[in-house]
Amino acid sequence: MLLASVGRFDESIAEARRAVELDLSPVASTELGNVLYRARRYDEAVAVLRKTLDVEPNYVSARAYLSLCYSMLGRHEEALAEAQRTLAAAPDYPDFVSLVGCVYGRAGQREQARRCLQKLKALSGRVYVSPSPISGIYASIGEVDAAMDWLEKCYDERVATMRVLKTDPICDPLRHDARFNALLRRVGFTP
């Protein structure tokens, strides 16, 4: 994951493939799918994640990354179906609420994405909700200013997702913004 986080995808994929050879667990194959997702090799990631789910159908991390890959491929119905299955496993888990919101946003269903934002804000009255899932939804619906405001909160709170900021495809709509590139530099990445 470190190699993927800094954009060294070929090395990262090689290491992840080796991990799968050594460890046939769904964790290892899901991490390979995650690395392929970050490298924007979505079709390969889908194949790995589908295979993981064939062996372990209830492994929600694999299902979440599969949803994201489908979304990036424009396969919105499949993405939403996988996101909804993921959310069903933990209906109040902020990252899964955000996943559904991001998928809706990327599919152009802004109102449904906004409902997920409302749910996250309501959840924050009961449990800690990182600014990261909120930023992701705003990025997915194209609200760059709001997404950047929430990413700044991530930085201020030292949220762990900052470590994948450089390569997270969810952030792609923000990459043209000078504030995003300045944030990358503050985190320690070169844009």
A.B. asks: Applying a strict under-4.5 Å side-chain criterion to I, L, V, M, F, W and Y, I'd like to know whether Leu165 and Ile170 cluster together.
C.D. replies: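 Looking at the clustering, Ile170 is in a separate group from Leu165.
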A.B. asks: Parallel under 30°, tilted from 30 to 60°, perpendicular over 60°: which one fits the rings of Tyr65 and Tyr37?
C.D. replies: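 The arrangement is tilted - the two ring planes meet at 30° to 60°.
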A.B. asks: Under a 4.5 Å cut-off applied to non-hydrogen side-chain atoms, are Leu3 and Glu15 in contact?
C.D. replies: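 Yes; the side chains approach each other to less than 4.5 Å.
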A.B. asks: Would Arg38 and Asn34 count as having a side-chain donor-acceptor pair, cut-off 3.5 Å?
C.D. replies: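 A donor-acceptor contact under 3.5 Å links the two side chains.
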A.B. asks: What residues, two or more places apart in sequence or in another chain, satisfy side chain to side chain donor-acceptor pair (under 3.5 Å) together with Arg175?
C.D. replies: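 Testing Arg175 for side chain to side chain donor-acceptor pair (under 3.5 Å), a comparison that skips the adjacent residues, returns Asp172.
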A.B. asks: May I ask you to test the Val127-Asp92 pair for a side-chain heavy-atom distance under 4.5 Å?
C.D. replies: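 The answer is no; the side chains never approach within 4.5 Å.
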A.B. asks: Please tell me if the side chains of Ser29 and Lys51 come closer than 4.5 Å, counting only heavy atoms from C-beta onward.
C.D. replies: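 The answer is no; the side chains never approach within 4.5 Å.
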A.B. asks: Taking the side chain as every heavy atom from C-beta outward, state whether Val144 and Arg179 have any pair of such atoms under 4.5 Å apart.
C.D. replies: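 Yes, their side chains come closer than 4.5 Å.
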A.B. asks: Is there any ring-ring contact (aromatic ring centres under 6.0 Å, His included) pair reaching into residues 79-115, and which pairs are they, with sequence neighbours excluded?
C.D. replies: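 Pairs touching residues 79-115 that pass the test: Tyr93-Phe96.
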A.B. asks: So which heavy atom on Cys69 is nearest to which on Leu49, and how close?
C.D. replies: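 Result for this residue pair: SG-CD1, 4.2 Å.
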A.B. asks: Which atom pair, heavy atoms only, marks the closest approach of Ala62 to Thr30?
C.D. replies: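 In this case the closest contact between Ala62 and Thr30 is CB-OG1, 3.4 Å.
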A.B. asks: Any carboxylate oxygen within less than 4.0 angstrom of a Lys/Arg side-chain nitrogen, looking at Arg186 and Glu152?
C.D. replies: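 Looking at Glu152 together with Arg186, the answer is yes, because their closest N to O distance falls below 4.0 Å.
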A.B. asks: Is Glu82 paired with Arg75 through a side-chain N to carboxylate O contact shorter than 4.0 Å?
C.D. replies: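 Glu82 and Arg75: not salt-bridged.
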A.B. asks: Does a side chain donor of either Thr86 or Arg63 reach within less than 3.5 Å of an acceptor in the other side chain?
C.D. replies: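 Judged by distance alone, the side chains do not pair up.
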A.B. asks: Please report the closest heavy-atom contact between Phe180 and Leu174, naming both atoms and the distance.
C.D. replies: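 Distance-wise, the nearest heavy atoms are CB-O, 3.2 Å.
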A.B. asks: Within the side chain of Arg163, is there an N or O that forms a donor-acceptor pair under 3.5 Å with the backbone of Ala160?
C.D. replies: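 Yes, Arg163 side chain to Ala160 backbone: donor-acceptor pair under 3.5 Å.
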A.B. asks: Verify, without hydrogens or angle tests, whether Ser98 (side chain) and Pro133 (backbone) share a donor-acceptor contact under 3.5 angstrom.
C.D. replies: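 Present.
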A.B. asks: For Ala16 and Leu32, which heavy atoms make the closest approach, and how far apart are they?
C.D. replies: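 Looks like CB-CD1, 3.6 Å.
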A.B. asks: For the atom pair NZ (Lys121) and SG (Cys116), what is the distance rounded to the nearest 0.5 Å?
C.D. replies: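 Lys121 atom NZ to Cys116 atom SG measures 12.0 Å (nearest 0.5 Å).
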A.B. asks: Is there a side-chain contact between Leu36 and Ile13 (heavy atoms, below 4.5 Å)?
C.D. replies: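 A side-chain contact exists here, since the closest heavy-atom pair is under 4.5 Å.
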A.B. asks: Are Tyr42 and Leu68 close enough that some pair of their side-chain heavy atoms sits under 4.5 Å apart?
C.D. replies: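 Tyr42 vs Leu68: side chains apart.
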A.B. asks: How long is the span from the OH atom in Tyr128 to the CD atom in Glu157, to the nearest 0.5 Å?
C.D. replies: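 Interatomic distance, Tyr128 OH to Glu157 CD, rounded to 0.5 Å: 4.0 Å.
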A.B. asks: Between the main-chain N or O of Val103 and the side-chain N or O of Ser71, is there a donor-acceptor pair closer than 3.5 Å?
C.D. replies: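 No, the answer is negative, given that no donor and acceptor are paired below the 3.5 Å cut-off.
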A.B. asks: By side chain to side chain donor-acceptor pair (under 3.5 Å), which residues pair with Lys153, not counting sequence neighbours?
C.D. replies: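 Lys153 satisfies side chain to side chain donor-acceptor pair (under 3.5 Å) with no residue once adjacent residues are dropped.
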A.B. asks: When you compare the side chain of Val159 with that of Pro131, does any pair of heavy atoms fall below 4.5 Å?
C.D. replies: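 Touching, per the 4.5 Å side-chain cut-off.
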A.B. asks: Do side-chain atoms of Ser12 reach the backbone of Phe9 as a donor and acceptor pair under 3.5 angstrom?
C.D. replies: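 No.
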A.B. asks: Write down the atom of Ser67, the atom of Ala79, and the distance for their closest heavy-atom approach.
C.D. replies: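 Reported closest heavy-atom pair: OG-O, 2.8 Å.
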A.B. asks: If you compare all heavy atoms of Leu120 against all heavy atoms of Val129, which two are closest, and at what distance to 0.1 Å?
C.D. replies: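 Scanning both residues, the minimum pair turns out to be O-CG2, 3.7 Å.
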